[in-house]
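Below, all heavy atoms of this structure are taken into account, side chains as well, without hydrogens, waters or symmetry copies.
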Amino acid sequence: MMPMTLSSSGLGWLALCLVATASHAEPSDVSATGFIITHRAEIAASPSAAWKAIVALPQWWSGQHSWSGSAANFSLDAQAGGCFCERWTDASGAAHSVQHGQVVMLQSGRVLRLSAALGPLQDLAVTGVLNIVTSAGTGAEAGKNFLRMGYRVAGDASANLDKLAGPVDGVIGEQFKRLKALIETGKAE
């Protein structure tokens with residue numbers, strides 16, 4: 001895999017990350033060494049229908065938050081060890097690729113977990129874990145179905161992750177909304 005630098009595409013991702021204004025949950029446990037982001041919502045679909053959308057990740061992850069500028073270049077190999085990757089060829093014919101994440105856990109119909117230092121976080125040498133979970137409610141929430149997306153990031157204090165928690169939350173929140181829309185309407189927009 002080629003080394004990551006902040007190319008114009010990467011700077012674009014960072015700029016979009018910094019200006020993301022989608023409504024979002026407040027990040028928690030924010031410090032210079034890490035943060036936790038959690039989005040959860042009731043969905044108007046069964047967990048099995050939600051699962052089909054979750055593993056169709058290239059359909060709901062925004063191309064605005066890619067290195068190539070196009071979601072069509074994403075792929076997800078939904079199995080342990082599988083890659084959430086992006087591959088493209090530029091105008092000169094040069095091949096490029098990015099491993100956004102690696103599947104570390106898949107419980108079909110329930111949990112997709114990726115080890116993923118997304119976007120400019122890769123360059124900071126941090127660790128990120130993205131969990132996407134669909135579930136049926138229990139107890140007082142019986143009869144309802146839910147979607148949860150959680151992202152935990154940790155690293156050295158020099159990464160100043162407290163300054164990135166809000167912008168990253170905006171990006172994760174946007175992906176959450178797009179996934180929820182795909183689950184409920186068949187379209188991520």
Side-chain angles (χ1 to χ4, degrees), residues 13 16-17 20 22-30 34-67 71-86 98-122 126-138 141 144-154 161 164-189:
W13 193 97
L16 285 167
C17 179
S23 67
H24 56 273
E26 198 64 32
S28 62
D29 295 326
V30 177
F35 55 84
I36 299 170
I37 294 168
T38 305
H39 292 266
R40 181 180 185 266
E42 183 176 353
I43 52 173
S46 68
S48 63
W51 182 253
K52 288 177 185 171
I54 290 168
V55 295
L57 185 146
Q59 292 180 25
W60 55 267
W61 197 277
S62 172
Q64 291 182 343
H65 300 291
S66 68
W67 293 94
N73 295 320
F74 289 132
S75 63
L76 174 67
D77 180 12
Q79 63 179 333
C83 186
F84 167 30
C85 288
E86 181 178 3
V98 178
Q99 180 176 342
H100 294 283
Q102 183 175 28
V103 177
V104 294
M105 180 181 188
L106 183 128
Q107 290 181 336
S108 189
R110 294 188 47 229
V111 178
L112 174 64
R113 180 172 300 145
L114 302 167
S115 175
L118 298 168
L121 296 176
Q122 281 186 345
V126 302
T127 300
V129 176
L130 180 66
N131 281 296
I132 306 168
V133 179
T134 182
S135 62
T138 59
E141 295 180 330
K144 298 178 181 180
N145 296 312
F146 295 91
L147 176 67
R148 182 176 54 83
M149 185 179 292
Y151 190 43
R152 291 176 169 258
V153 177
L161 292 171
L164 294 174
V168 171
D169 181 40
V171 172
I172 296 299
E174 177 185 348
Q175 307 324 305
F176 181 81
K177 286 181 179 183
R178 290 175 58 87
L179 174 56
K180 185 177 185 299
L182 181 64
I183 291 167
E184 296 178 335
T185 71
K187 296 183 179 185
E189 299 296 326

Are any side-chain N or O atoms of N145 and backbone N or O atoms of A45, one a donor and one an acceptor, separated by less than 3.5 Å? yes
With no hydrogens and no angle check, is any side-chain donor or acceptor of E86 less than 3.5 Å from a backbone partner on S66? no
With side-chain contact (heavy atoms from CB on, under 4.5 Å) as the test, would you mind laying out the steps for I37 and M149 before giving the verdict? CA-CA 8 Å; I37 294 168; M149 185 179 292; over 6 Å; no
Heavy atoms, side chains only, cut-off 4.5 Å: are [X] and [Y] in contact?
X: L76; Y: L112; value: yes
X: L118; Y: W61; value: yes
X: R148; Y: T38; value: yes
X: K180; Y: H39; value: no

So, taking the atom named [atom1] in [X] and the one named [atom2] in [Y], what distance separates them when rounded to the nearest 0.5 Å?
X: F84; Y: Q99; atom1: CZ; atom2: CD; value: 10.5 Å
X: E184; Y: L179; atom1: CD; atom2: CG; value: 9.5 Å
X: D77; Y: L57; atom1: CG; atom2: CG; value: 12.0 Å

Fit a plane to each ring of H100 and F74, take the angle between them on a 0 to 90° scale, and name the class: parallel (under 30°), tilted (30 to 60°) or perpendicular (over 60°).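 Geometry flag for F74 against H100: perpendicular rings.
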Taking side-chain contact (heavy atoms from CB on, under 4.5 Å) as the test, write out the residues that go with [X], two or more places apart.
X: R110; value: Q107
X: A165; value: P27, V30, F35
X: A80; value: none

If every non-hydrogen atom of [X] is compared with every non-hydrogen atom of [Y], which pair is closest and at what distance?
X: A181; Y: A188; value: CB-O, 3.8 Å
X: Q59; Y: R178; value: O-NH2, 4.2 Å
X: A117; Y: Q122; value: O-CG, 2.8 Å
X: P167; Y: L164; value: CD-O, 3.2 Å
X: Q175; Y: S62; value: OE1-N, 2.8 Å
X: G101; Y: A116; value: CA-CB, 3.9 Å

Run the side-chain contact (heavy atoms from CB on, under 4.5 Å) test on I132 and L147 for me, step by step, so that the C-alpha distance in whole Å, both residues' side-chain angles and the decisive distance to 0.1 Å come before the verdict. CA-CA 7 Å; I132 306 168; L147 176 67; 4.1 Å; yes
Using residues 47-54 as the side-chain source, report each donor-acceptor pair under 3.5 Å to any protein atom, sequence neighbours left out, with the distance given to one decimal.
{"unit_1": "S48", "atom_1": "OG", "unit_2": "S46", "atom_2": "OG", "d": "3.1"}

For Y151, the ring-ring contact (aromatic ring centres under 6.0 Å, His included) test, sequence neighbours excluded, returns none
Applying side chain to side chain donor-acceptor pair (under 3.5 Å), can you list everything that pairs with N73, at least two apart in sequence or on another chain?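 Applying side chain to side chain donor-acceptor pair (under 3.5 Å) to N73 gives S68.
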R113/V129 under side-chain contact (heavy atoms from CB on, under 4.5 Å): CA gap, chis, key distance, verdict: CA-CA 7 Å; R113 180 172 300 145; V129 176; 3.8 Å; yes
